[in-house]
Amino acid sequence: MHERFDDGERPLEQAAMFLRNARRLAVLTGAGISAESGVPTFRGADGLWEGHRIEEVATPEAFQHNPKLVWRFYNQRRTNLKKVAPNPGHLALVELETAIFQPDDFTLITQNVDGLHREAGSRRLLELHGNIRRVRCTQCHDRLEVGLEQLAELPSCSKCRGLLRPDIVWFHEALPDDVWEEAALATAMCDVFMVVGTSAVVYPAAGLIHAAKRAGSKVIEINIARSDATDIADVCLLGPSGAILPALVRRLREAA
Ligand code: OAD
């Protein structure tokens, strides 16, 4: 028996048909895919940015002005992540990559810094905004995987004693060139571009959706609500990604 979504079965079948006819798939995820794991999203009621001014915790200026406050915010987020695990939405993306598409024909582009896609087992993964489980030295720029271990209030580099920062992209900062170039290439090459759980308001990430559309890809959106991607999507699956993505994968497997 198939689950039914607000919009009924038709959009699910339409999305499955686009995927069956596709050779290359690129997927862009946002905070919504981790919502069912218990990670708060950014915008909307109870969002992470509620109660925090972005400029106070997520800009290089904020870090220069008050690094302790910024580290407290990110250490709290790191601690919260200890209690969460990938959900069926993350796992369905792994299945798409490993069991349905050829390894070189699938690219997962995420705006999330929570590391849950990696933990789920995604392989060809581009983390546009970095990863909260990694730090970077503000002096010697050395990068280090620290996982979710407890860090000092103001952690310092073991090599040069410089102040460490989370290895993530803040507002007013550029995305890492190599990651962005790979994301742009995967977007230009794909036949289907799937947008999952993002409000699609933060650029340049959201620009990939428009670039995919311009390049002639079919755009599939999965979201519990309308977003800035909805009007350009060819099909919208309205509902939680933790239910819709597994349903989509089941449908593709049935047809195989
Ligand atoms: P947002 O918080 O802006 O949007 C989350 C989206 O997920 C919304 O469109 C929700 O409707 C949707 N959503 C919530 N629960 C869902 C579920 N169970 N299934 C499917 N969709 C669901 O988060 P992002 O779009 O990821 O950047 O935000 C983009 C960037 O803005 C983030 O990477 C971060 C933030 O500021 C930086 O920190 C640089």
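Atoms within a ligand are numbered from 1 in the order they appear, just like the ligands themselves. FYI, the numbering just counts along the sequence from 1.
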Counting heavy atoms only, which part of V202 comes closer than 4.0 Å to ligand 1: side chain, backbone, both or neither? side chain

Location of contacts on R43 toward ligand 1, heavy atoms closer than 4.0 Å: both

Should [X] be counted as touching ligand 1, given the test is an N or O pair under 3.5 Å?
X	value
S241	yes
N112	no
R226	no
A31	yes
W170	no

Numbered atoms and elements of ligand 1 in range of [X], under 4.0 angstrom, heavy atoms:
X	value
E36	17 (C), 18 (N), 19 (N)
G30	26 (O)
G197	5 (C), 6 (C), 7 (O), 21 (N)
V169	39 (C)
I224	11 (O), 13 (N), 14 (C), 15 (N), 16 (C), 17 (C), 19 (N), 20 (C), 21 (N), 22 (C)
F171	36 (O)
A35	15 (N)

4.5 Å side-chain heavy-atom contact, V70 and T59: no

For the residue pair V195 and V219, establish whether any side-chain heavy-atom pair is separated by less than 4.5 Å. yes

Identify whether NZ of Lys or CZ of Arg in R78 sits under 6.0 Å from the centre of the six-membered ring of W71 and within 45° of that ring's axis. no

Between T230 and E221: side-chain donor-acceptor atoms closer than 3.5 Å: yes

T29 and H117 side chains, donor-acceptor separation under 3.5 Å: yes

In terms of side-chain geometry, is the basic nitrogen of [X] or [Y] positioned less than 4.0 Å from the acidic oxygen of its partner?
X	Y	answer
R143	D167	yes
E13	R251	yes
E173	R165	yes

Do other residues, nucleotides or ligands put more than 12 heavy atoms under 6.0 Å from the CD atom of Q64? no

